[in-house]
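The first residue of the sequence shown is numbered 1, and numbering continues consecutively from there.
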Amino acid sequence: MLIPSPGAQTKHNEMKGDTPMKKMLALILTMSLVFALLTACGGDQSGNQPNSENTGNPTTSQSGGSENSSTDFSEKVNLTFAIGGAAGQGTAIALQNAIDMISERSNGAITIELVTDGALGNEASLLAQAMEGAIDIAGCAIGTVSNYSDALSIFQMPFLINSYELEAEVLQSDAWKNLVAAANEDLGTATIVGASEFGIRHFATINRPINTMADMQGLKIRTGGNPVIDEAMQIVGASPTNVTFSELYSALQNGVVDGEEINVTSASMQKHYEVCNYMSEIGIYPWLSLTIMSNATIESLPEGYYELICECFAEADAEYMQTTIYEWDEEARADCEANGMEFNEISDKDAWVEAMQPLYDEWIARGGVYEEFITSVQEMAAAMD
């Protein structure tokens, strides 16, 4: 599945090259990510596995079935997977790759229809439908899911995870699996089975760029309602203003807010370069898209099908974090720049990180998965420096 601390964002050109060592590192990371998600889908992640028959570690082969499994992909299964995003965006491409892989490896027994562009409802509605068993699978941003689980809010702790390189490592960690286990327990009737990344968040503003923390004073900054981010904005002197994403463009256009914390990919897709003149890069936090499967659907699947689905989502997510997110981020930045948005990098990042210490202390004091996740990610970041 998926996971970053202070440090400059890794650029895609650092990932380029075709040396044997880089090939080996990519393979190791991919397999680690696959193993992490397989463990999650195997049942130890939630402590409340929806289907007790589907608790083994799958070993499905590339051509369908498994050399060490008796899975018989003779029963046809048709599933509906709904997302709010557009068909051409990076996360949708990763999901379609997983869907194609599932069809191929099940010899066509499992068919998943990907319904895009919010045709079946917005993200909040899609998540509710998955929890109710009305649709089989939903794709929802982590902010939407965190309304049901405080545990996921910690993933958005400011400046904890601020590079894709670190995020990829976090998403294969025990700390992430334990966080997801807590979230699955909170969801109750649905299970997180995959995750991909929309993009690291930065500040986009209308009238002036953000260069120092002092530039935040008095600004009305749109947030998605996560209490962690709202408190962070107050710490740096801004006024967090909750605006639904569908109304955000007009809120920026009409001056209801002075700016937003946003990923470059969303700024490009939603044409926010038309209403925001500046993008100030600092790497606040990642914005995950979670793949959530109805427990009713999981329970209805023939033996072995759920494991195969988890395996394919894991492999597609791993490939996405290795290549696609870097490419999508670069393309989105080029699009924003071509349409007049000016980019700058905030230089005094350490001051911002230090300002967040009371917020870190508050969440660490909760203990449990909160303390484990923060401290584990900080250790991973320190090891990468």
Side-chain angles (χ1 to χ4, degrees), residues 1-3 33 37 40-41 45 78-103 110-149 152 155-156 167 171 176 179-180 183-184 186-187 189-199 201 224 226 244-246 263 265-266 269-270 286-298 301 306 309-321 324-325 328 332:
M1 291 166 99
L2 320 190
I3 312 187
L33 280 163
L37 186 51
C41 291
Q45 180 155 302
N78 298 312
L79 305 177
T80 299
F81 187 167
I83 63 174
Q89 69 185 39
T91 49
I93 293 171
L95 295 175
Q96 189 61 56
N97 288 342
I99 289 169
D100 294 343
M101 196 184 302
I102 291 165
S103 177
I110 305 173
T111 300
I112 302 177
E113 179 188 6
L114 184 62
V115 182
T116 63
D117 298 280
L120 296 184
N122 61 25
E123 287 193 349
S125 172
L126 295 178
L127 178 56
Q129 290 179 67
M131 294 174 70
E132 293 164 2
I135 59 175
D136 302 300
I137 314 172
C140 301
I142 191 170
T144 301
V145 189
S146 65
N147 290 327
Y148 292 85
S149 176
L152 292 178
F155 195 86
Q156 298 168 262
E167 183 178 15
L171 290 174
W176 167 245
L179 207 64
V180 171
N184 285 341
D186 291 336
L187 288 171
T189 56
T191 299
I192 298 169
V193 297
S196 50
E197 176 58 47
F198 278 114
R201 309 281 274 200
N226 184 338
T244 60
F245 194 70
S246 61
N263 37 298
T265 54
S266 291
M269 287 189 300
Q270 301 298 319
W287 189 251
L288 283 180
S289 174
L290 300 175
T291 300
I292 301 171
M293 198 165 186
S294 169
N295 285 0
T297 296
I298 295 172
L301 292 173
Y306 177 57
I309 289 170
C310 288
E311 175 187 273
C312 293
F313 277 126
E315 290 192 30
D317 290 343
E319 170 64 21
Y320 179 88
M321 289 302 297
T324 310
I325 185 56
W328 188 23

Return the [atom1] to [atom2] distance between [X] and [Y], rounded to the nearest 0.5 Å.
X    : Y    : atom1 : atom2 : value
L79  : I110 : CG    : CD1   : 7.0 Å
F245 : E123 : CZ    : CD    : 9.5 Å
N147 : L127 : CG    : CG    : 8.5 Å
S125 : E132 : OG    : CD    : 8.0 Å
T265 : R201 : OG1   : CZ    : 8.5 Å
I325 : E319 : CD1   : CD    : 12.5 Å

Can you find a pair of side-chain heavy atoms, one from [X] and one from [Y], that are under 4.5 Å apart?
X    : Y    : value
L288 : V145 : no
L301 : I309 : yes
L187 : I192 : yes
E197 : W287 : yes
T291 : D317 : no

Which pair of heavy atoms, one from [X] and one from [Y], lies closest together, and at what distance?
X    : Y    : answer
A94  : A316 : O-CB, 3.6 Å
A92  : A87  : CB-O, 3.4 Å
Y320 : G90  : CE1-O, 3.4 Å
I292 : A190 : CG2-CB, 3.6 Å
L126 : G139 : CD1-O, 4.5 Å
D117 : A86  : OD1-CA, 3.3 Å

Would you be so kind as to tabulate the donor-acceptor pairs closer than 3.5 Å made by side chains of residues 96-103, with sequence neighbours excluded?
residue, atom, partner, partner atom, Å
Q96, NE2, D100, OD1, 3.0
N97, ND2, I93, O, 3.4

In terms of the angle between their ring planes, are F81 and F313 parallel, tilted or perpendicular, with boundaries placed at 30° and 60°?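 It falls in the perpendicular class, over 60°.
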With a 3.5 Å cut-off and no angle check, do the side chains of N184 and T191 form a donor-acceptor pair?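 No, no side-chain donor-acceptor pair sits under 3.5 Å.
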Given 3.5 Å as the limit, does a donor-acceptor pair link the side chain of Q129 with the main chain of L120, or not?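 Pair found, side chain donor or acceptor close to backbone of L120.
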Could you name each residue pair satisfying side chain to side chain donor-acceptor pair (under 3.5 Å) that touches residues 78-90, not counting sequence neighbours?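 Matches after skipping sequence neighbours: Q89-T91.
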